[in-house]
Amino acid sequence: MSDNELGRFLRLRREAVTPAEVGLPAGPRRRTPGLRRSELATLAGVSVEYVTRLEQGRDRRPSPQVLTALADALRLTTAERVHLHRLSKGATPGFSCTGEAGPNRHVRPTVHALLDRLEPTPALVVNRLGEILACTDSYRRLAEPIGLLDGTRPSLARFAFTDPRARTAYPDWNRVADELVAALKQGPGQSQAHVAALMEELTVSCGAEFTGRLATLTGLPKPTGILRLVHPHTGELRLSYETLDLPADDDQQLIAYLPADAETSAALDHLTHRRPGALRAI
């Protein structure tokens with residue numbers, strides 16, 4: 001497993017930006033729709049050799065000025081700029097934001113109370129590994145029949161990649177798998193021992209379905225979007241999701257699901273009985 005996440009991110013973003021987006025002619029005989037290294041170098045005001053060294057991992061400590069120039073040239077969003085900064089810091093051995101701490105599996109009482117107030121909205125709290133730590137009763141009604149809550153330590157990533165039921169539950173399985181791997185990679189992920197251990201586990205159990213995504217995804221999951229989920233009792237649901245980061249010390253996220261159309265709204269009403277339910281921690 002390569003540890004050159006900074007170089008990989010820069011290469012994949014370069015290949016995703018078309019010449020037209022940055023005001024350059026496409027020209028003939030392009031092997032990729034994205035930018036050439038020479039074009040990125042010109043836009044950022046650095047040498048082609050330096051761009052090559054960064055992408056190949058032979059230089060992992062670009063200055064803040066170079067990072068800013070590359071981010072401007074690649075038209076990075078705010079989230080992508082934060083990710084680029086983290087990758088550049090993570091490439092330097094030594095200090096770690098999380099230290100030697102393992103995954104946080106303790107949900108604070110006020111977060112439990114917040115979940116309780118969210119009923120009848122399906123909502124859950126996950127940690128850095130995608131482990132489901134707590135959920136509303138409405139989420140339990142949604143996820144339990146699918147198999148998402150099976151086991152002593154339910155995990156979104158393990159369910160998607162190791163449970164055959166996931167392919168039925170997620171009609172857009174490939175997109176869901178992309179998002180889960182991107183969430184693990186975000187950070188940089190594998191610099192944290194517990195994240196690296198999960199990556200190794202899924203590499204062994206899933207092979208190319210997982211490792212291919214490690215090699216090609218930029219590591220930026222979408223915090224909002226639409227999830228299609230097939231429930232055995234209600235059929236296909238279209239759920240809008242919002243992902244909210246809890247404080248840094250928690251290293252957890254709260255994910256809430258809302259109906260994306262009238263049919264899903266009616267199905268959720270039927271599933272949750274439209275009355276407050278009790279919070280259940282896992």
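Basis for what follows: all heavy atoms, side chains included, without hydrogens, waters or symmetry-related copies. No experiment lies behind these values; they were computed from the predicted model shown.
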Q.
Pair Thr162, Cys206 - check side-chain contact (heavy atoms from CB on, under 4.5 Å), show working.
A. CA-CA 7 Å; Thr162 67; Cys206 308; 4.0 Å; yes

(Q) So if I apply the side-chain hydrogen bond (donor to acceptor under 3.5 Å, both in side chains) rule between Glu5 and each of Arg86, Gln186, Lys185, which one comes out positive? (A) Lys185

Q) Regarding Asn127 and Gln252, is there a side-chain donor-to-acceptor distance under 3.5 Å anywhere? A) no

Q) What's the shortest heavy-atom distance between Pro25 and Pro19, and which atoms? A) O-CB, 3.8 Å

Q | Exam field: side chain Thr136 to backbone Glu119, donor-acceptor pair closer than 3.5 Å | A | no

Q. Are Tyr170 and Leu227 close enough that some pair of their side-chain heavy atoms sits under 4.5 Å apart?
A. yes

Q. Under 3.5 Å, is there a donor-acceptor pair linking the side chains of Arg36 and Ser38?
A. no

Q. Does Arg158 come within less than 4.0 Å of Glu201, counting only side-chain N to carboxylate O?
A. yes

(Q) I'd like to know if the side chain of Arg14 reaches the main chain of Leu35, judged simply by a donor and an acceptor atom lying under 3.5 Å from each other, with no hydrogens or angles considered. (A) yes

Q | Non-hydrogen atoms of Pro122 and Ser138 that approach each other most closely | A | N-CB, 3.9 Å

(Q) Quick one: does any side-chain atom of Arg213 pair with a main-chain N or O of Glu209 as donor and acceptor, under 3.5 Å? (A) yes

Q: Look up atom CD1 in Ile255 and atom OG1 in Thr243, then write down how far apart they are to the nearest 0.5 Å.
A: 4.5 Å

Q. Hey, does Asp250 have a side-chain heavy atom less than 4.5 Å from the side chain of Val125?
A. no

Q | Non-hydrogen side-chain atoms of Leu84 and Leu6 separated by less than 4.5 Å | A | yes

**Q.** Leu184 to Met199 - nearest heavy-atom pair and separation
**A.** O-CE, 3.7 Å

(Q) Please say yes or no: joined through hydrophobic side-chain contacts below 4.5 Å, possibly via intermediate residues, are Leu217 and Leu12 part of one cluster? (A) no

Q) Ignoring hydrogens and geometry, is there a side-chain-to-backbone donor-acceptor pair from His231 to Arg141 under 3.5 Å? A) yes

Q) Shortest non-hydrogen contact from Gly57 to Asn4? A) N-ND2, 3.3 Å

Q: Salt-bridge test for Arg75 and Glu21: reply yes if a basic N is under 4.0 Å from a carboxylate O, no otherwise.
A: no

Q: Answer yes or no: is there a side-chain heavy-atom contact under 4.5 Å between Leu118 and Leu254?
A: yes

**Q.** Donor-acceptor pair, side chain of Ser265 and main chain of Pro259, under 3.5 angstrom
**A.** no

Q: For residues Val176 and Arg228, determine if any side-chain heavy atom of one lies less than 4.5 Å from a side-chain heavy atom of the other.
A: no

Q. Where do Thr121 and Ala256 come nearest, in terms of heavy atoms and distance?
A. CG2-CB, 4.3 Å

**Q.** Any donor-acceptor N/O pair, Asp249 side chain to Asp251 backbone, under 3.5 Å
**A.** no

Q) So do the side chains of Leu268 and Leu239 get within less than 4.5 Å of each other, counting heavy atoms only? A) yes

(Q) Let me confirm one number: the CG-CD distance from Leu246 to Gln253, rounded to the nearest 0.5 Å. (A) 8.0 Å

(Q) Nearest 0.5 Å, please: how far is CD in Glu131 from CG in Leu124? (A) 12.5 Å

(Q) Would you say that more than 12 heavy atoms from the other residues, nucleotides or ligands in this model lie under 6.0 Å from the CZ of Arg105, or not? (A) yes

Q: Output the distance between atom CG (Leu271) and atom CG (Leu237), rounded to the nearest 0.5 Å.
A: 7.5 Å

Q: Answer yes if Leu142 and Val230 sit in the same cluster of Ile, Leu, Val, Met, Phe, Trp and Tyr residues linked by side chain heavy atoms under 4.5 Å apart, and no otherwise.
A: no

Q: Answer yes when Glu15 and Arg11 have at least one side-chain N-carboxylate O distance shorter than 4.0 Å, and no when they do not.
A: yes

Q | Over all atoms of both residues, closest heavy-atom pair of Ala160 and Trp173 | A | O-NE1, 2.9 Å

Q. When the ring planes of Tyr139 and Tyr257 are compared, do they come out parallel, tilted or perpendicular, using 30° and 60° as the limits?
A. parallel

**Q.** Side chains of Arg165 and Thr168 in contact at under 4.5 Å (non-hydrogen atoms)
**A.** no

**Q.** Leu70, Leu40, Leu76 screened by side chain to side chain contact (heavy atoms under 4.5 Å, CB included) with Arg13, the one that passes
**A.** Leu76

Q. Rounded to the nearest 0.5 Å, how far apart are CG of Leu148 and SG of Cys135?
A. 10.0 Å

Q: Decide yes or no for Leu43 and Leu74: does some side-chain heavy atom of the first lie under 4.5 Å from some side-chain heavy atom of the second?
A: no

Q | Point-to-point distance, once rounded to the nearest 0.5 Å, from CG of Leu133 to OG of Ser155 | A | 10.0 Å

Q. Less than 4.0 Å between a side-chain N and a carboxylate O, is that true for Glu179 and Arg175?
A. no

